[in-house]
Structures are given as structure tokens and as C-alpha cells.
Amino acid sequence: MHKKRLEPMVVTRFAPSPTGYLHIGGLRTALFSWLWARRNSGKFLLRIEDTDQSRNNEEAAKAIVEAFQWIGLDHDGEILYQSKRMGLYQMYIDQLLEEGKAYKCYMSKTELDALREEQSARKERPRYDGRYRDFTGTPPKGVDPVIRIKAPTKGTITVFDGIKGEVVFNVDDILDDFIIARADGTPTYNFVVAVDDALMGINEVIRGDDHFSNTPKQIVVYEALGFKLPAFYHVPMIHNSNGKKLSKRDGATDVMEYKRMGYQPEALLNFLVRLGWSHGDQEIFSLEEMIRLFDPNTINKSASIYNPEKLDWLNGHYIKNLSNDTLAHELEAYGADIRSHDRKEILLDALKERAKTLVDLATMVNEVLSAPTEYDAKAFKKAIKPDSKAVLEAFAGKLKSAAELHLPTDYHAQMEAVVNAMEIGFGKIGMPLRLALVGKLAGPGVDVIMATIGKTETLARIETLLTHLD
RNA sequence: GGCCCCAUCAUCUAACGGUUAGGAUUCAAGGUUUUCAUCCUUGCCAUAGGGGUUCGAAUCCCCUUGGGGUCACCA
């Protein structure tokens with residue numbers, strides 16, 4: 001849509017390794033890739049990078065898909081598993097072998113380690129020395145060779161990155177003939193990434209900055225195989241508050257943990273899209289706006305720090321805008337069942353203004369719905385004055401004789417009547433009443449609470465407090 | 001350590017050579033509210049340092065410093 005008609009369809013991908021759950025850094029690059037594909041009416045593909053003898057990658061893949069479903073990102077086509085494409089990789093390895101672009105290396109792991117140690121001792125860069133690059137003799141017995149690719153030994157490799165710009169690497173500084181297939185025949189990461197990205201038609205690679213230094217190696221593979229290079233975008237990392245790479249220890253990194261903590265998918269997405277990207281002064285973005293406005297070429301170059309306060313603010317914003325029906329439905333998973341409550345509109349209208357998360361909201365709902373089991377000592381001291389008993393009794397009497405009480409305003413009128421009759425301020429009745437209703441001095445308006453729980457329950461709670469006043 | 005990247009309020013960011021350096025979050029104060037919160041208003045807070053280039057630099061160049069990433073038969 002934003003690309004000229006002659007240009008090929010944009011195809012992006014998200015390619016996690018199945019080491020566990022989807023973390024928020026991964027979710028952000030996935031979001032960026034997804035947005036860019038959607039904006040261009042292209043495709044967003046999912047691929048699981050499980051070439052290693054990986055443990056239960058089915059589970060991990062399931063976890064990732066589950067997170068995608070919760071967050072609302074869809075992917076096109078089937079999920080690709082690299083573990084199921086081994087034959088394919090073998091074909092391309094054989095091809096490189098035949099063309100003399102790759103070769104078998106019989107150097108053992110221990111020999112290699114020794115070499116590297118020597119090099120380090122001499123303050124040289126540890127690297128494979130190419131000893132089997134042009135080997136024609138008889139291979140040593142009993143050694144399963146690895147396959148190495150013939151990487152250029154001089155010159156430069158330039159990465160054109162949509163975020164960083166042109167970055168030129170000196171081949172001598174960074175490359176050696178790296179391994180593309182292990183001794184057991186399985187292909188390695190930098191090889192399969194390039195092969196798969198090319199074969200899947202990925203033409204825009206948006207991924208984490210931690211992959212940047214792999215890019216020259218992948219370019220070597222692309223070129224050896226004669227594949228066309230994609231556009232690269234290396235998205236700066238998200239750091240923790242210590243400025244380090246986000247890790248499992250930094251609180252919640254599992255996307256599904258955000259669900260458990262009561263965050264809305266929209267809020268999390270909105271939060272993540274503003275980490276490293278912006279559109280003027282705009283802070284709130286619907287998914288539609290993101291799709292319309294996002295462009296990886298305008299992603300910032302610097303890493304950003306994860307700050308939970310802003311996520312809370314955004315989440316509060318999104319909760320305020322949710323319908324009460326939706327909220328009531330969502331709340332069930334957080335231990336507050338209010339779906340069939342006949343006063344849920346009144347309660348939720350009042351409560352959703354003050355909640356940061358659905359967990360907050362559930363707690364608040366339950367605080368209103370269930371009678372207090374104890375009275376906060378400080379609140380008691382502050383709320384209960386010598387005349388409180390008389391005030392509460394007067395109010396209870398007023399309620400008993402009142403006929404129709406439905407809305408908060410009905411209850412408010414009763415309070416007003418007592419206040420006027422006794423010539424006292426609102427605080428004289430509001431504070432002890434609040435204590436009676438919820439056991440503490442914070443929460444929604446007491447009229448809202450009373451309207452929610454009804455006259456009978458209100459009277460019961462007042463009675464309970466009265467038994468504590470003597 | 002080698003290579004690479006980065007650098008505006010505490011944090012996310014705006015500024016694409018000319019602005020009193022703007023917005024948002026947080027924090028503080030005031031207003032609204034019977035309470036707490038929301039909401040509204042106001043306030044505090046930044047161009048890492050040093051050299052250039054230019055009439056003019058947050059912006060371009062160099063150096064320093066600081067931070068990060070990566071250097072596997074992991075991905």
C-alpha cells in the first residue's frame with residue numbers, strides 16, 4: 001500500500017529459539033515485524049529455531065503461540081520448524097561442498113581449543129586457522145568432520161541496516177571459516193537462518209540488535225548460495241533499570257506473566273511500540289494507528305530502558321476505556337465474579353477509574369462485595385469520634401424508613417438528610433460509614449458502595465461496626 | 001581484550017543547522033472529591049566532557065569518557 005506496486009510484497013518473520021517463553025524484547029521485535037508486514041499488506045511468518053538437540057521445543061512453541069494469541073498478533077501460514085527441514089539444509093550443504101565453497105574440517109574440538117588458547121596467549125583474536133581449507137590428503141581416521149564455509153579472507157563486508165545505516169566490517173577482524181554443520185551433521189545457526197530467510201522469501205529482517213554481529217556471517221552464506229539479501233533492521237535492546245540486557249531476573253520478562261498481573265494486551269503493545277519508536281508527541285496508539293504509522297526506518301538507534309510506571313499508566317488508561325461487560329468478563333479470571341451482579345455498572349464505573357491493573361480492580365471489587373473482616377486500626381482511630389455512634393444510628397434509622405433506594409444519589413440524599421438534621425459536616429458521617437462498609441478509609445464513594453451492596457447489607461455492616469462502639 | 005553500536009530531564013521521547021530545548025511517565029504543589037484514586041492546573045528536572053566546522057551546533061566532524069552488544073561444533 002505504501003510501497004510502489006512493482007516492489008515485491010513485504011515478508012517479515014519472527015524466529016525465536018524455543019528456550020522457553022516469549023519475552024517482552026522478543027514481543028517487541030515481533031510487533032515491529034508484524035506491524036510492518038500488515039502496513040504493507042505483506043506477510044508475517046513464524047519460524048522456530050530448533051536446530052540444536054533441543055529439549056521439548058514443542059512445549060516452547062506452544063507457549064509462544066499462546067502468548068501471540070493472548071496479545072492478538074496473528075501470523076501467516078504454518079509455523080516452520082527448522083528441526084523438520086534438516087534434509088533441506090543438507091542439500092545446500094552438499095551443494096556448497098560440491099562447488100568447493102565449503103569443506104570438511106577434521107580438526108578435533110580439543111585441538112581447536114588448544115589453538116584458541118595459544119592465540120589468546122599471544123593476544124591474537126581466537127580464530128580457526130584454515131588448516132583444512134585446501135586439504136587434499138587422506139583424512140585422519142576416526143574423526144567425524146565438521147563442515148566449514150570458505151569465508152573471504154580479506155576485504156570488507158558492508159551491512160546495510162535500516163536503523164544503523166551502513167556498517168562496514170573488516171573481514172580480517174571478524175571472520176574465519178565458520179562451521180555450518182556440526183560433526184553430527186546438523187547445521188548451525190548462522191547457516192540455517194540465512195537459508196531459511198532466503199527460502200521463505202523474507203525480504204525485511206527485523207530482529208534484535210544482539211544479532212547484528214552475526215549479520216556478516218549470514219551475508220557470507222547468502223552470497224555463497226547466490227541468494228538475494230534482505231533488508232536488515234537491528235532493533236536496539238531493551239535494558240533493565242541497571243542498563244543491562246533484560247534477563248529473567250528482571251521481574252517479568254515472560255509475556256504471559258503480564259496477563260497474570262492484569263495487564264491489557266493493548267497496553268503492553270502500546271508500551272512496547274513507544275520503546276524505540278515514536279510519532280511526534282503521540283503516546284496512545286490503537287493497533288490500527290500503529291499499523292498506519294509504524295515504519296522500521298524511523299526506529300531509534302539507542303537502547304531503551306524498561307520502565308514499568310509508564311506501562312501502569314497506559315494500562316490504567318486502557319482499563320478506563322473498557323466496557324463494563326468486558327471488564328466483568330475479564331475479572332472472572334482474577335477472582336472477582338461480578339458478571340451477574342445487578343449493580344455492576346455502578347460499581348465498575350466507579351472502580352475502573354482507579355485501577356492500574358485487573359488485579360487491582362478485582363481486589364477493589366471484592367473489597368466492596370464482601371463485608372470487612374477487620375477494621376484498620378489507624379482508620380478506626382481517625383474515623384470514629386464521640387458522636388459517630390449517634391450519627392451511624394441516625395443514618396441506619398433513616399435507611400430503614402426509606403422506601404426506594406437504588407442509585408448512589410438515593411443514598412447520598414439520605415446522608416444529606418442526616419447531615420442537615422444533625423448540623424454536622426459530611427466527614428462526620430462519611431468517615432465512620434466508610435469504615436463500616438469496607439473497614440478502611442480508601443475506596444470509591446460510600447454512596448456507590450451502598451448502592452452496590454444494597455440496603456440490607458449496608459445496614460448489616462453498620463450494625464457490625466456499632467457493636468464495636470461503646 | 002578485538003570488532004561493532006549508542007549518548008537530550010530519573011525514565012520513554014520531540015527537535016531532521018536558527019525553538020524561552022517540546023510532550024509523556026514518575027515526583028511535588030494546588031484545585032475537584034465525604035475518603036482514596038481518577039481528572040484538571042502548575043512546578044522541578046536534560047543536550048556527558050573537550051576540541052573543531054559555521055554568522056549560528058542538541059543537531060555535522062574529531063578526541064575523551066561512559067554505556068551496551070558480540071566474539072561457540074548456542075540460538
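All values reported here derive from a predicted model rather than from experimental measurement. Here is how names work: the chains are called A, B, and so on, in the same order as the sequence lines, proteins then strands, and each is numbered from 1.
Comparing B:U25, B:C73, B:G22 by their closest approach to the side chain of A:T188 singles out B:C73. The side chain of A:M237 lies closest to B:G69 when the candidates are B:C73, B:G69, B:U13. Nearest to the side chain of A:S278, among B:U34, B:A75, B:U13, sits B:U13.
Taking atom C1' on both nucleotides, B:U42 is separated from B:A48 by 31 Å, rounded to a whole Å. Taking atom C1' in both B:G17 and B:C55, the straight-line distance is 11 Å, to the nearest Å. With P as the reference atom, B:U20 and B:C6 are 30 Å apart, rounded to whole Å. Nucleotides B:U59 and B:U54 have their C1' atoms positioned 13 Å apart, rounded to a whole Å.
Of the two residues contacting RNA chain B, namely A:I305 and A:I429, the nearest-nucleotide position lying further toward the 5' end is that of A:I305. Each of A:G280 and A:R116 has a nearest nucleotide on RNA chain B; the 5'-most of these lies closest to A:G280.
At a cut-off of 3.5 angstrom, counting only N and O atoms as typed in the model, there is no donor on one side facing an acceptor on the other between the side-chain of A:D50 and the base of B:A75. For A:K109 and B:C73, a side-chain-to-base donor-acceptor distance below 3.5 Å is absent, hydrogens and geometry of angles not being considered. You won't find any donor-acceptor pair under 3.5 Å spanning the side chain of A:E124 and the base of B:G2, going by distance alone.
Phosphate proximity of B:A24 to A:N307: absent, as no side-chain N or O sits under 4.0 Å from OP1 or OP2. Look at A:S304 and you'll find a side-chain N or O under 4.0 angstrom from OP1 or OP2 of B:U13. Between A:S213 and B:G69 there is no side-chain polar atom (N or O) within less than 4.0 angstrom of OP1 or OP2. Remark: A:R274 is not in phosphate contact with B:A14, judged by side-chain N or O atoms under 4.0 Å from OP1 or OP2. At B:A75, one or more side-chain N or O atoms of A:T51 fall inside 4.0 Å of OP1 or OP2 (strictly under the cut-off).
With rounding to whole Å, A:H234 atom NE2 is found 15 Å from B:C6 atom C1'. Nucleotide B:U33 holds its P atom 13 Å from the CG atom of A:D447, rounded to whole Å. The nearest whole Å value for the distance from the CG atom in A:N315 to the P atom in B:U25 is 15 Å. Spacing between atom NZ of A:K301 and atom C1' of B:C5 amounts to 9 Å, rounded to whole angstrom units.
Residues from residues 158-177 of chain A with heavy atoms under 4.0 angstrom of RNA chain B, sorted by number: A:K164, A:V167, A:F169, A:D173, A:I174.
Note that CG of A:L80 and CE of A:M200 are 4.5 Å apart. Values are rounded to the nearest 0.5 Å.
Outside the 6.0 Å centre-distance limit, the rings of A:Y258 and A:F271 are not counted as a close aromatic pair.
Using cut-offs of 30° and 60° on the angle between ring planes, the pair A:F169 and A:F212 is tilted.
Base-pair partner of B:C39: B:G31 (Watson-Crick or G-U wobble, both distances under 3.5 Å). In this structure, B:U25 and B:A10 make a Watson-Crick or G-U wobble pair, each of the two defining distances being under 3.5 angstrom. Taking a pair to require two hydrogen-bonding distances under 3.5 Å in either a Watson-Crick or a G-U wobble arrangement, B:G1 pairs with B:C71.
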